There are 2 protein chains.
Amino acid sequence: MWTLSTSTGSGYHHGDLRAALLDSALALLNSEGPGELSLRAVARHAGVSPNAPYRHYRDKEALLAALATRGFTELGERLAAVAPGEEPGAEVISMACAAVDYALDHPGVYRLMFGQACSGHPDTIAASDAAIAIVAERIAAVAEPERREPLRVGIWALVHGLSTLLLDERLGTPTRAEADALVETVLRTMLGAGPERPDGGSAAR
Amino acid sequence: MWTLSTSTGSGYHHGDLRAALLDSALALLNSEGPGELSLRAVARHAGVSPNAPYRHYRDKEALLAALATRGFTELGERLAAVAPGEEPGAEVISMACAAVDYALDHPGVYRLMFGQACSGHPDTIAASDAAIAIVAERIAAVAEPERREPLRVGIWALVHGLSTLLLDERLGTPTRAEADALVETVLRTMLGAGPERPDGGSAAR
DNA sequence: CATCGATGTGTACGATGTCCACATTGAAGG
DNA sequence: CCTTCAATGTGGACATCGTACACATCGATG
């Protein structure tokens, strides 16, 4: 039985290269964008030869897809972790903020998740659908049936668009709190709730 | 004075390589995604040596950025071309459909426009801002002042998110009319207007 | 017609993705 | 305990890519 953690082994064999490669790729992704990431660099970072990854992933694309899949899973966990709020719409806003926060925390992986490199990979799509399903579930609880599907698509698209704009710094360079406030303001304004804000915090930037 | 159109010249010199390279890149982009696009392939398609592009663009990235800039300009023209509708919100919906249609018409360029490769290029950003400004103008005409900024950001993000989801075929493979109808439904549902659909046929376009 | 700046060509180098044959290992079976 | 084997990692090789350098070729201008 191998060691169950990463980066242990007797020199030649690595222990759990499959997972270690994902971690190395993650580390390199957050320091430079995807597309710049080379499979050889991942292998170097993991301390193995350039061809070692091919024993665990068919392609460079397969490695990236696996990383994106893990990203969607983690995103889903964050979404599932938002406590059911007292106000009906508050949950949705909290989930939107959670998604945007995830994008800001892991810019590289987020871009990978929605890039065309791994879009089309069955595992990645499944993980993505699972994450959406969590949001859809909460939406279904507060919206009449014929509005559910458009709301699901619209909120998903809106949150993804906001994340992209924020990652590209097209909305300035807000702090985490400012970004969350912006997300809340945009969502409240778009959905009928109007600009009413119970607390007196900073609105949008 | 050189010939003012593309692909004319006496063999050695090309005529207007700068524009011809953009056209070649566009042609190759629509047959394969960006990232697969190689500068050498663009040069080959234009019938010049691999180094010829460097006389007109500093980088591969510069070429891509120029293409993305042209994309934003064309998108802006489409947005500006939507006739002012009789109903206040109809313009915004038509512009959203126009943007999504542009994405569906030029998938490669659209992904380029919002990819991180050219994000950060001043010209591209300027063209992007110009396109947004057109939308913002129309929004300002129908929304009270404090709602304008969130609406501008939200609609831009929503439309971009919808385009991305459609391009990645995450919303099925609708026809153009179906996609437009979907955009209209999502927008009407998100914004307060509700699911009211005056006619019974396909809505938008 | 000579010259010159603009434009395109050729060669070259390092890096990359991936294929192949080979080396090394831990573990199963005698 | 030793052999054997499948899993795993290494090394070399090849085509391709982005790009730098030196050289060739052209149109316009004197």
Side-chain angles (χ1 to χ4, degrees), chain A residues 1-25 28-29 31-67 112 115-118 121, chain B residues 1-25 28-29 31-67 112 115-118 121:
Chain A
M1 175 94 62
W2 296 313
T3 58
L4 42 74
S5 180
T6 66
S7 77
T8 310
S10 59
Y12 199 97
H13 284 89
H14 182 273
D16 190 2
L17 228 200
R18 184 174 206 98
L21 286 172
L22 281 187
D23 292 339
S24 293
L28 294 180
L29 255 190
S31 63
E32 13 171 5
E36 323 303 325
L37 180 65
S38 79
L39 191 52
R40 289 172 110 106
V42 174
R44 270 193 301 267
H45 186 274
V48 293
S49 93
N51 291 337
Y54 286 91
R55 299 291 160 181
H56 300 275
Y57 299 96
R58 194 171 44 81
D59 266 315
K60 174 186 182 182
E61 198 178 291
L63 207 187
L64 270 349
L67 195 50
L112 196 64
Q116 71 284 6
C118 56
H121 252 260
Chain B
M1 176 87 67
W2 299 313
T3 58
L4 43 74
S5 178
T6 67
S7 77
T8 308
S10 58
Y12 199 96
H13 284 92
H14 183 275
D16 190 2
L17 227 200
R18 185 174 205 96
L21 286 172
L22 281 187
D23 293 338
S24 294
L28 294 180
L29 254 190
S31 63
E32 13 171 5
E36 323 304 324
L37 182 64
S38 80
L39 191 52
R40 292 173 109 105
V42 174
R44 269 192 302 266
H45 186 274
V48 293
S49 94
N51 291 341
Y54 286 92
R55 299 292 159 182
H56 301 274
Y57 300 96
R58 193 172 44 81
D59 265 316
K60 174 186 181 181
E61 197 177 292
L63 207 186
L64 270 348
L67 195 50
L112 196 63
Q116 70 283 7
C118 56
H121 253 258

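Keep in mind the model is a prediction, meaning the values are calculated, not measured.
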Taking atom P of D/dG18 as reference, at what distance in whole Å does atom OH of B/Tyr54 sit?
7 Å

Any residue meeting side chain to side chain contact (heavy atoms under 4.5 Å, CB included) with A/Arg55, in chain and number order, not counting sequence neighbours:
none

Give the residues of residues 55-67 of chain A touching DNA chain C, defined as any heavy atom closer than 4.0 Å, sorted by residue number.
A/Arg55, A/Asp59, A/Lys60

Between P on D/dA7 and CG on A/Leu17, what's the gap in Å once rounded to a whole number?
16 Å

Rounded to whole angstroms, how far apart are CG on A/Asp16 and P on D/dA7?
16 Å

What integer distance in Å separates A/Glu36:CD from C/dG17:C1'?
16 Å

Round to the nearest Å and state the distance from B/Leu39 atom CG to C/dA15 atom C1'.
16 Å

Quick one: list whatever passes side chain to side chain contact (heavy atoms under 4.5 Å, CB included) with B/Glu36, sequence neighbours left out.
B/Glu32

What residues, two or more places apart in sequence or in another chain, satisfy side chain to side chain contact (heavy atoms under 4.5 Å, CB included) together with A/Arg18?
A/Asp16, A/His56, A/Tyr57

Given C/dG8, D/dT10, C/dG17, identify the nucleotide with an atom nearest to the side chain of A/Val48.
D/dT10

Which atom pair, heavy atoms only, marks the closest approach of A/Ala62 to A/His121?
CA-CE1, 4.2 Å

For nucleotides 12-16 of chain D, give me every protein contact, N/O to N/O, under 3.5 Å, one pair per line with atom names.
| from | atom 1 | to | atom 2 | distance (Å) |
| --- | --- | --- | --- | --- |
| D/dG12 | O6 | A/Asn51 | ND2 | 2.6 |

Of all residues at least two apart in sequence or in a different chain, which pass the side chain to side chain contact (heavy atoms under 4.5 Å, CB included) check with A/Pro53?
A/Leu21, A/Leu39, A/Ala43

Apply the side-chain contact (heavy atoms from CB on, under 4.5 Å) test between B/Leu37 and each candidate in B/Leu112, B/Leu29, B/Leu67; give the one that qualifies.
B/Leu29

Only distances under 3.5 Å count here; give the side-chain donor-acceptor pairs of residues 45-52 of chain A to other protein atoms, sequence neighbours excluded, each with its distance to 0.1 Å.
| from | atom 1 | to | atom 2 | distance (Å) |
| --- | --- | --- | --- | --- |
| A/His45 | ND1 | A/Ser24 | OG | 2.9 |
| A/Ser49 | OG | A/Asn51 | N | 3.3 |

